[in-house]
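In what follows, residues are counted from 1 in the order of the sequence shown. Both backbone and side-chain heavy atoms feed into the values below; hydrogens, waters and symmetry mates do not. Everything numeric in this text was worked out from a predicted model, so none of it was measured.
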Amino acid sequence: MKRSWNYLWLFYITIQQFFHHGQAKTIEINALDPLKMDEAYLTISNKNYSNSILFMYNMIICEHCDLDQLGDVLLMNSSQTLTISTRYPYDFQVLSDEKNKTFLCQINSYKFSEHGSYLFEVIQTKQNKSSCTITQTKKSSYYWLPIIIAIIILGIIVFFIQLCHHIYNSRYFGRILTNFRHQRLINDETDITPRTSPMTNRQVPLMTHNETRNDDIGSTANIDNPPPLVEPPYILNNSNTTKKVLSKRLQSLDTFRGFSLMVMIFVNYGGGGYWFFNHSVWNGLTLADLVFPWFVWMMGVSIVLSQRSLLKKKVRKLSILLKICRRTVMLFLFGLILQGGHGRPEDLRILGVLQRLALCYFFTAILVLIFDTFEDEYNSSQWPTGVNVYRPIRTELSNTILQFWPQWLCIHLIGVSWILVTFVPKLSNCPRGYVGPGGKHEHGRYINCTGGIAGYLDRVILGSSHILNDPTCKVIYKTQIPYDPEGLLGILTGIVLCYLGVHAGHTFIYSTRVRRVCAHWIASGFICGFLGLLLSEGGHSDSWIPINKNLWSLSFIFILASLAFIILTILYLLVDVFKLFTGEPWLWLGMNSIVLYVAHEVCSQSFPVQFEVTGTHPKLLALHVYGALFWTLIAGIMYYKKIFIAI
């Protein structure tokens, strides 16, 4: 049955890629309101300066770029109204339009608001002295209001789901449900059995509240189709003392994965057109930059738990290896099909999101399969978690870290390899160790050096036609060559990130207490965060290794791993330990994450998932939030129908 589902999905997405229907379009707003999203009016004015003046500007997101001319040269007592983008802040300079271009004044890091009107005036105050001022002359739109409303609506939905789950599992509702089932059984037997039958005098056993809850298909512990990640809890008797063993199913991990998938769907559909819901232009972090690396990190956690479950069932390592290879090929093929290439193999993008997942999964899973052992039952957390169980810290550190020194050695070699390949080779017309976007960067001196050695390797090995032709830096930096953020060199740091997830899995398996699991994760998070900030010199672009999602730099990897450790710790306490949160609705998405990711990509242009709207932030935000909730609803139906498709 599971194999049939896989074949059905493969056939469906292949057909969809070549027969799109009901494609969504963004309709521009009418001519009555010429301002579009993220635009404002700016009037530049030479109020009384005797000579003609020239306005120059640069978006601060374009680092080390030359200034461009803004509007026309203005004579004294003249002005000009322009439309300007409000996405990023600006640096302005005003020059005297003479041969020597005398500097008059400047304004740095000025941020305009959407749909506002502004007056940029240059006034000559004294002989050879001038002042620049920008004043807002018209109120801007409520830029943040749609986001606040969307967050409140999402919070209400989550609260309502939690409330329904609490009511369903309450004792009062359990009694009502038991009485209802009891009465229905009596009515059914009355209708079927003759009145003279002895069955009429038979007592129907009442179902207790606990039995009712065992039939609850919303309980993750009762799901039959997906096997538990590792062995279930059991009771251990030592000296007539019964102690409960730490549960080995991480619902918090499924919740984290589902949350990341919801955010990914939302930003892939457009994120309401907001710039901060899109990927970074080059250096830095946005919300869209977080979710894909988190998937890679969580995949590392799942590798440890799933392989341990298989070894517990006495599955041979050769069979596990074949399963790893099969899943790698499936993920890579799904990625290729989603890329499409417009039906032309010569334009097919070889690498992408699922391909990066497949390759990082393959190498990390092989590393774990080779060096992980299952024989040491004493060192695993199949050890009692009672308060009177003691294990020295040094023993626990040895079990969670030191015993895996061959794996750590391999990961350190991979990290060092990335550093050497990135910063040692010297390319023609590019400085050694250049990791910038090229184009206008560094005043246009390295126009064809986009991505440094990472971009060069992709263009040489894969070919320019088989990598992404529209990188996020293209518009701002005016780059002229293709660059792929999921390129070959980033696979190395992707493996490092995936193994940091493996470390989280090892910690969960081999720690003996909940508080020690959390302590390990929090300490790991702070260490990774410290390393990331150290390499990036506090997050600066002009640093040793800047935080860069396009490069999957080491500092980027450490910062994302740090956030992942902290978030999983919080969710672990809320969902698995204290049971304050069920994880729904994100738990639903996390149980079928790959299938839902593929489905949302296939149907991204199709009704009823997406449809035509006018190009305004509130409407686009509503549409894209609806798209994310649509797939959340599908995930909930699959979850409660126990439909789990493994890839």
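Using modelled atom types, one side-chain atom of S553 and one backbone atom of N548 make a donor-acceptor pair closer than 3.5 Å. At distances below 3.5 Å, at least one donor-acceptor pair connects side-chain atoms of T493 with backbone N or O atoms of G490. A donor-acceptor contact shorter than 3.5 Å is absent between the side chain of D458 and the backbone of G455. The main-chain N or O of I545 is found under 3.5 Å from a side-chain atom of S555 such that the two form a donor-acceptor pair. In terms of modelled atom types and a separation under 3.5 Å, the side chain of Y434 and the main chain of G438 share a donor-acceptor contact. Looking only at distances, a side-chain donor or acceptor of S280 sits under 3.5 Å from a matching main-chain atom of G284. Side chain of S543 to main chain of E537: no donor-acceptor pair is present (N/O by atom type, distance under 3.5 Å, no hydrogens or angles). Looking only at distances, a side-chain donor or acceptor of S562 sits under 3.5 Å from a matching main-chain atom of G525. Listed for the S130 side chain is no donor-acceptor partner under 3.5 Å among the backbone atoms of I123. Between the side chain of Y483 and the backbone N or O of T472, no donor-acceptor pair lies under 3.5 Å.
When ring centroids are compared, F266 and F277 come within the 6.0 Å threshold. F630 and H624 have their aromatic ring centers separated by at least 6.0 angstrom. Residues Y41 and H115 place their aromatic rings such that the two centres sit no closer than 6.0 Å. Ring centers of W297 and F565: under 6.0 Å apart, within the cut-off. Ring to ring, F256 and W294 are close: their centroids are under 6.0 angstrom apart.
With contacts defined as side-chain heavy-atom distances shorter than 4.5 Å, the pair M299/L357 qualifies. Proximity of R459 to I481: side-chain heavy atoms (C-beta onward) are separated by under 4.5 Å at one or more points. In this structure, the side chains of F558 and L497 stay at 4.5 Å or more apart for every pair of heavy atoms. Side-chain contact between F55 and I53 is present, with at least one heavy-atom pair separated by less than 4.5 Å. Side-chain contact between L531 and I559 is absent, with no heavy atoms from C-beta onward closer than 4.5 Å. S593 is listed as a side-chain neighbour of F295, based on a closest heavy-atom distance under 4.5 Å. Contact check for I265 versus M262: no side-chain heavy atoms found under the 4.5 Å cut-off. Looking only at side-chain heavy atoms (C-beta outward), I547 and N283 stay at 4.5 Å or farther from each other.
One distance of note links CD of E442 with CD of E63; it measures 9.5 Å at 0.5 Å rounding. The CG atom of L54 sits 11.5 Å away from the CG atom of N46 when rounded to the nearest 0.5 Å. Going from atom CG of L290 over to atom NE2 of H279 covers 10.0 Å, rounded to the nearest 0.5 Å. In this structure, CG in L492 is found 9.0 Å from CZ in F363, a value given to the nearest 0.5 Å. Rounded to the nearest 0.5 angstrom, E121 CD and T43 OG1 are separated by 9.5 Å. Residue I476 holds its CD1 atom at 7.5 Å from CD1 of I61, rounded to the nearest 0.5 Å.
Here the two cysteines C449 and C430 have their SG atoms closer than 2.5 angstrom.
Classification of R87 and E39 as a salt-bridged pair fails, no side-chain N sitting under 4.0 Å from a carboxylate O. A salt bridge is defined here as a Lys NZ or Arg NE, NH1 or NH2 lying under 4.0 Å from an Asp or Glu carboxylate O, and D484 with R349 meets this definition.
For D38 and S85, the side-chain atoms include no donor-acceptor pair closer than 3.5 Å. For the 3.5 Å distance criterion, the side chains of H64 and D542 qualify, holding a donor opposite an acceptor. Between the side chains of Q124 and N48, no donor N or O sits under 3.5 Å from an acceptor N or O. Side-chain polar atoms of D91 and N58 form no donor-acceptor pair below 3.5 angstrom. W631 and Y597 are not linked by any side-chain donor-acceptor pair at a separation below 3.5 angstrom, with hydrogens and angles left out of the test. Using modelled atom types, one finds no donor on one side chain facing an acceptor on the other under 3.5 Å when comparing S117 with T137. Checked by atom type, the side-chain pair S140/E114 shows no donor-acceptor distance below 3.5 Å.
In Y456, the OH atom is not crowded: 12 or fewer heavy atoms of neighbouring residues, nucleotides or ligands sit closer than 6.0 Å. Heavy atoms from other residues, nucleotides or ligands lying under 6.0 Å from CZ of F332 number more than 12. Counted within 6.0 Å of CG on N77, heavy atoms from surrounding residues, nucleotides or ligands total more than 12; the atom is thus considered enclosed. Within a 6.0 Å sphere centred on CZ of F276, heavy atoms belonging to other residues, nucleotides or ligands number more than 12. The environment of K111 atom NZ is dense: over 12 non-hydrogen atoms of other residues, nucleotides or ligands sit within 6.0 angstrom.
The minimum heavy-atom distance linking H466 with L348 is given by the pair ND1-O, 2.7 Å. Across every non-hydrogen atom of V296 and G494, the tightest pair is CG1-O, 3.5 Å. Here the closest non-hydrogen pair linking V122 and C132 is CG2-SG, 4.2 Å. A pairwise comparison of heavy atoms in G258 and L589 identifies O-CD1, 3.5 Å as the closest pair. Scanning both residues, S113 and A40, for their nearest heavy atoms gives O-CB, 3.5 Å. Smallest separation of non-hydrogen atoms from T450 and T479: OG1-CG2, 3.7 Å.
For the pair R356 and W552, the cation sits on the ring face: its NZ or CZ lies under 6.0 Å from the ring centre, inside 45° of the axis.
Relative orientation of the Y274 and H617 rings is parallel, given thresholds of 30° and 60° on the angle between their planes. The aromatic rings of Y57 and Y90 sit tilted relative to each other, their planes meeting at an angle between 30° and 60°.
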Q: Before giving the answer on side-chain contact (heavy atoms from CB on, under 4.5 Å), spell out for L119 and I134 the whole-Å C-alpha distance, their side-chain angles and the decisive distance to 0.1 Å.
A: CA-CA 5 Å; L119 175 62; I134 298 179; over 6 Å; no
Q: Take D68 and K440 through the salt bridge (Lys or Arg N to Asp or Glu O under 4.0 Å) test and state the conclusion after the steps.
A: CA-CA 11 Å; D68 296 321; K440 294 173 61 178; 3.0 Å; yes
Q. Could you walk me through whether F92 and Y110 pass the ring pair (Phe, Tyr, Trp, His ring centres under 6.0 Å) check?
A. CA-CA 8 Å; F92 292 103; Y110 191 90; 7.2 Å; no
Review item, side-chain donor-acceptor pairs of residues 411-425, under 3.5 Å, at least two apart:
unit_1: H412; atom_1: ND1; unit_2: W408; atom_2: O; d: 2.7
unit_1: S417; atom_1: OG; unit_2: L413; atom_2: O; d: 2.7
unit_1: T422; atom_1: OG1; unit_2: W418; atom_2: O; d: 2.7

